[in-house]
Number of protein chains: 2
Amino acid sequence: MVETTRLRETVRETVRDTVRETVRSAGRTTGRGAETRERILDAALESFGTIGYDGTSLDDLAAGLGIRKQTILYHYVNKRGLLGAVVDRSAGDLTAALLEVLEEEATDWQRVEALVRTVFRVALEQPLLLGLLREVSRPGSPAAPRLRSTMGPLLDRAMAWMNREMETGRMRRTDPQLVLLSAYSTVVGLATEIEVLRAAGLEPTARTVVTRRRELLRFLRTSLDPQR
Amino acid sequence: MVETTRLRETVRETVRDTVRETVRSAGRTTGRGAETRERILDAALESFGTIGYDGTSLDDLAAGLGIRKQTILYHYVNKRGLLGAVVDRSAGDLTAALLEVLEEEATDWQRVEALVRTVFRVALEQPLLLGLLREVSRPGSPAAPRLRSTMGPLLDRAMAWMNREMETGRMRRTDPQLVLLSAYSTVVGLATEIEVLRAAGLEPTARTVVTRRRELLRFLRTSLDPQR
DNA sequence: CGGACTTTCTACCAGATGGTAGAGGGACTT
DNA sequence: AAGTCCCTCTACCATCTGGTAGAAAGTCCG
């Protein structure tokens, strides 16, 4: 009830954005502006992931890049479109890395382990990605549906696979959704954790991440392994 | 570099707020305005915890309460002061609940378990608290230092206790900070988790929470129990 | 009643925000 | 050289933001 005005606005914008395109120069991937477009995405990822969507102003973003705000709005229809593009690219990176793992030949547990390691590797290489994920997974975030549509198929595939494994008895019977959710929130928790450490004045070491990963793997093993 | 202006502003405001008081009507806890003040806090907690600090406008907040924005600003010096008050009250509730547990007679492991259960119980009773925690623990949040100063002593006490237990050998030797951090991010992860579930169209059941709690307890046991 | 104090309101403002309109320049094609 | 397309810019705007000033109304006390 507090944010009635805001909500109405959100709905209207969502509809409009679906009709239009997110990226103005859709299709064109070469040309002089391609580099600018990437630079904008990089800066936006950093800003959205740290100070958040609402906390980011297009003017500040542009100033940091040494360009005018209007240049940003030339490449991306509006602020929301920019967020969409950032989410798409990031989710795309993650999806690509995961699909690569899925191509490999591996037994079930090896595959699970490989997936977890991949996610953590990507998260370590691109720590900003975790911040973005955290921001976007917030209730009412303008990009929540977008993230879902990008990552959704992959998650559905994972759940279908788990269901199959359970039917053949190679995997212990549990709720796939719950397991995936736990895994997900563990990874996102990492983002929080790293930031809290930093706020406490400690530079996060690899130790934090390793501990977390081991913990997650142990959880998955005891959840899935039919032997235990 | 992107948010130079914003950062400078933040620092200035922090200094000013430390000098002034957060609540205008400090000391007075009775009177007609007391109820209004509480209602404002309730609404602010909900808004800050869901759509975030930056996403919350004082006008919307007031409109939701059927009052004018200026009434809010009469009770709390400014927006930041309001956030401070919300954080203080929430952290106070949690601290009180934890201190109560600490008063009880209990062996070491029982006490740890009781603390964990208390935190989860409070989180379940006041789900908004988790959202707030999530918002406030964001890097550069205006209230991060405030949270630290409210909860800090309790955390220091916990760490001191753990160190003592380790010296007497009743607790396995590990890094107390890391253990507390893990516990913390597990709880905050709950907030994320619940919201993601809701976004996926599922009403979160107690099951999610129970799973998470069991997981955390197992982690703590294997981290701390000298027998294992 | 009359004054003091608390609370809520109306009126207003300076600055920032996302966004539009349209000019100008550079590069490439014909 | 002229035209076309891509890109970035200046100029401007409506709206919203947090915040201030001060009036009006209620309440309490002598």
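Residue numbers begin at 1 in each chain, while the letters A, B, ... track the order of the sequences. Heavy-atom basis, side chains included; hydrogens, waters and symmetry copies ignored. The structure displayed is predicted, hence computed values, not measured ones.
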Side chain of A/R37 only, heavy atoms from C-beta on: which candidate in D/dC7, C/dG19, C/dT7 is closest? D/dC7
Taking the side chain of B/Q70 as heavy atoms from C-beta outward, which of C/dT8, C/dG18, D/dT20 is closest to it? D/dT20
Is there a donor N/O on one and an acceptor N/O on the other, under 3.5 Å, for the side chain of B/K69 and the base of D/dG19? yes
Closest approach of A/Y76 to A/A85 (non-hydrogen atoms, all atoms of both residues): CE2-CB, 3.6 Å
Selected nucleotide, minimal atom distance to A/I67 side chain, candidates C/dG19, D/dC9, C/dT10: D/dC9
Quick one: does any side-chain atom of A/R134 pair with a main-chain N or O of B/R134 as donor and acceptor, under 3.5 Å? yes
Which listed nucleotide (C/dG18, C/dC9, D/dC9) is nearest to the side chain of A/R68? D/dC9
Identify which nucleotide among D/dT20, C/dC9, D/dT8 has an atom closest to any side-chain atom of A/Y74, counting heavy atoms from C-beta outward. D/dT8
Short N-O contact, A/R89 and A/D42, less than 4.0 angstrom: yes
What nucleotide among C/dT8, D/dA11, D/dG18 has an atom nearest to a side-chain atom of B/H75? C/dT8
Rounded to whole Å, please give me the gap between CG in B/N78 and P in D/dT17. 16 Å
Would you say B/T36 reaches C/dT8's phosphate, i.e. side-chain N/O to OP1/OP2 under 4.0 Å? yes
Gap between atoms NZ and P, on B/K79 and D/dG18 respectively (whole Å): 4 Å
Roughly how many Å is it from OH in A/Y76 to C1' in C/dG18, rounded to a whole number? 17 Å
Select one nucleotide: of C/dT17, D/dT10, C/dA11, the one nearest the side-chain heavy atoms of A/D60. C/dT17
Whole angstrom is fine here: how far is it from CG in B/L73 over to C1' in C/dT8? 12 Å
Go through it in stages, so that I can follow the logic: the residues are A/L65 and A/I40, the test is side-chain contact (heavy atoms from CB on, under 4.5 Å), and I'd like the CA-CA distance, side-chain angles, deciding distance and then a yes or no. CA-CA 7 Å; A/L65 288 166; A/I40 293 174; 3.9 Å; yes
Let me know the distance between CD of A/E35 and P of D/dC6, rounded to the nearest Å. 18 Å
Between D/dC9 (C1') and A/D59 (CG): distance, integer Å: 14 Å
Considering all heavy atoms of both residues, which atom of B/A91 and which atom of B/L147 are nearest to each other, and what is their separation? CB-CD1, 4.2 Å
For the pair made of CD1 in B/I72 and C1' in D/dT17, what is the distance, rounded to whole Å? 13 Å
Presence of B/S57 side-chain N/O under 4.0 Å of D/dC16 phosphate oxygens OP1/OP2: no
